[in-house]
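Have a look at the structure below, then the notes.
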There are 2 protein chains.
Amino acid sequence: MKISNLSAQSGLSIDTLRFYEKIGLIDPPPRDGAGHRDYPPEAPNWIRFLSQLNATGMKQADRIRYARLRAAGVTTVPQRRQMLEEHREVIRAQLEQLTDVLALMDRKVEIYQKLEEEMTDV
Amino acid sequence: MKISNLSAQSGLSIDTLRFYEKIGLIDPPPRDGAGHRDYPPEAPNWIRFLSQLNATGMKQADRIRYARLRAAGVTTVPQRRQMLEEHREVIRAQLEQLTDVLALMDRKVEIYQKLEEEMTDV
DNA sequence: GCTTGAGCTGGAGTGCACTCCAGCATCTAT
DNA sequence: ATAGATGCTGGAGTGCACTCCAGCTCAAGC
């Protein structure tokens with residue numbers, strides 16, 4: 001799989017993919033005859049997971065730490081599990097806050113609607 | 001209310017409060033005899049709301065836009081309502097993604113637990 | 001055999017959202 | 001009346017996460 005292809009599939013730019021490789025988030029893929037990156041078929045999966053960690057607020061440094069543990073093999077499973085459990089708690093807290101703010105938005109929108117009705121003398 | 005007090009109550013640093021004033025997120029408060037900021041009692045409420053918009057991913061530029069509309073008075077209620085409704089949708093989407101990723105975390109943690117059990121020959 | 005397009009590298013630049021600093025003024029307690 | 005805490009300003013600096021660029025190589029099609 002070529003980098004342009006992976007970029008299209010993952011939604012990350014080509015520059016970002018190379019950047020992720022440089023900082024250790026993605027394993028350096030083998031190269032083809034021309035020295036171009038040739039990603040393995042499972043690359044999109046890993047990138048999708050990285051994006052999910054990203055979207056749920058995990059910091060680059062922690063994602064790098066997780067990627068390194070993953071690359072180190074099966075002996076790091078306990079550490080990886082702990083990282084995921086901690087992150088799970090972060091997500092839970094975010095969920096709670098989002099739910100609260102969503103309810104607040106609903107109240108505010110309602111108040112604004114009433115105000116608009118009064119302003120137009122309904 | 002003095003800036004140190006507001007900082008303690010809001011969780012924002014003193015520098016951030018002054019920065020928010022500079023970019024138009026907070027109205028410039030009146031000054032006391034010494035030229036020090038003297039915030040009105042409703043300041044913490046507004047800041048709390050700003051923080052909630054922030055925590056749910058609203059960009060600085062949009063928060064500034066909202067703050068300006070708010071400062072312009074009651075005639076901007078329709079625009080404000082629209083901003084909040086749009087943001088409400090963003091939050092809803094985030095909620096959905098967080099829920100999905102939380103479920104994924106649960107699955108992954110479970111898999112890792114099983115792996116650990118196998119590794120220790122339970 | 002030459003143009004076009006994709007990819008390569010190392011390094012510089014960007015945008016966001018703060019955060020810190022020097023140098024000064026004012027108030028408060030001793 | 002002096003030391004320490006608190007606050008002020010304008011401007012520089014920081015950290016994160018990319019994003020862009022110049023100048024190059026290589027493969028394929030006309």
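Below, each value reflects all heavy atoms present in this structure, side chains not excepted, and no hydrogens, waters or symmetry copies. As the structure is a prediction and not an experimental result, all values here were calculated from the model.
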Please state how far atom NE2 in B:His36 lies from atom P in D:dT9, giving the value in whole angstrom units. 9 Å
Can you work out whether B:Arg18 or A:Lys22 has the more 5'-proximal nearest nucleotide on DNA chain D? B:Arg18
Closest non-hydrogen atoms of A:Leu98 and B:Leu98, given as atom of the first, atom of the second and distance, are CD1-CD1, 3.3 Å
Distance in angstrom units between B:Asp38 CG and D:dC8 C1', rounded: 15 Å
Which part of the nucleic acid, if any, lies within contact of B:Arg37, taking any heavy atom under 4.0 Å across all strands shown: a base, the sugar-phosphate backbone alone, or nothing? sugar-phosphate
State, to 0.1 Å, how close B:Asp38 and B:Met1 come at their nearest heavy-atom pair, and which atoms those are. OD1-N, 2.7 Å
Counted 5' to 3', the first and last nucleotides of DNA chain C within 4.0 Å (strictly under) of a heavy-atom of chain B are C:dA17 to C:dC27
Assess, by modelled atom type and distance only, whether the side chains of A:Glu86 and A:Gln82 contain a donor and an acceptor separated by less than 3.5 Å. yes
To the nearest Å, give me how far apart CG (B:Asn5) and C1' (D:dT6) are. 13 Å
Check A:Leu53 against A:Arg63 and note the closest heavy-atom contact, atom names and distance. CB-CD, 3.9 Å
Nearest heavy atom decides the nucleotide; on that basis, is A:Ser13 or B:Ala34 closer to the 5' end of DNA chain D? B:Ala34
Base, sugar-phosphate, or nothing: which does A:Ile23 touch, judged by heavy atoms less than 4.0 Å apart? nothing
Reckon B:Ile14 touches a base, only the sugar-phosphate, or nothing at all at heavy-atom distances under 4.0 Å? sugar-phosphate
Assign each of B:Leu12 and B:Asp32 the nucleotide of DNA chain C bearing its closest heavy atom; nearer the 5' end lies the nucleotide of B:Leu12
State the CD-CD distance between A:Gln97 and B:Gln52, to the nearest 0.5 angstrom. 6.5 Å
Taking the nucleotide of DNA chain C with the nearest heavy atom to each, does B:Met58 or B:Gly35 sit closer to the 5' end? B:Met58
State which residue, out of A:His87, A:Gln94, A:Arg88, fulfils the side-chain hydrogen bond (donor to acceptor under 3.5 Å, both in side chains) condition with A:Thr56. A:His87
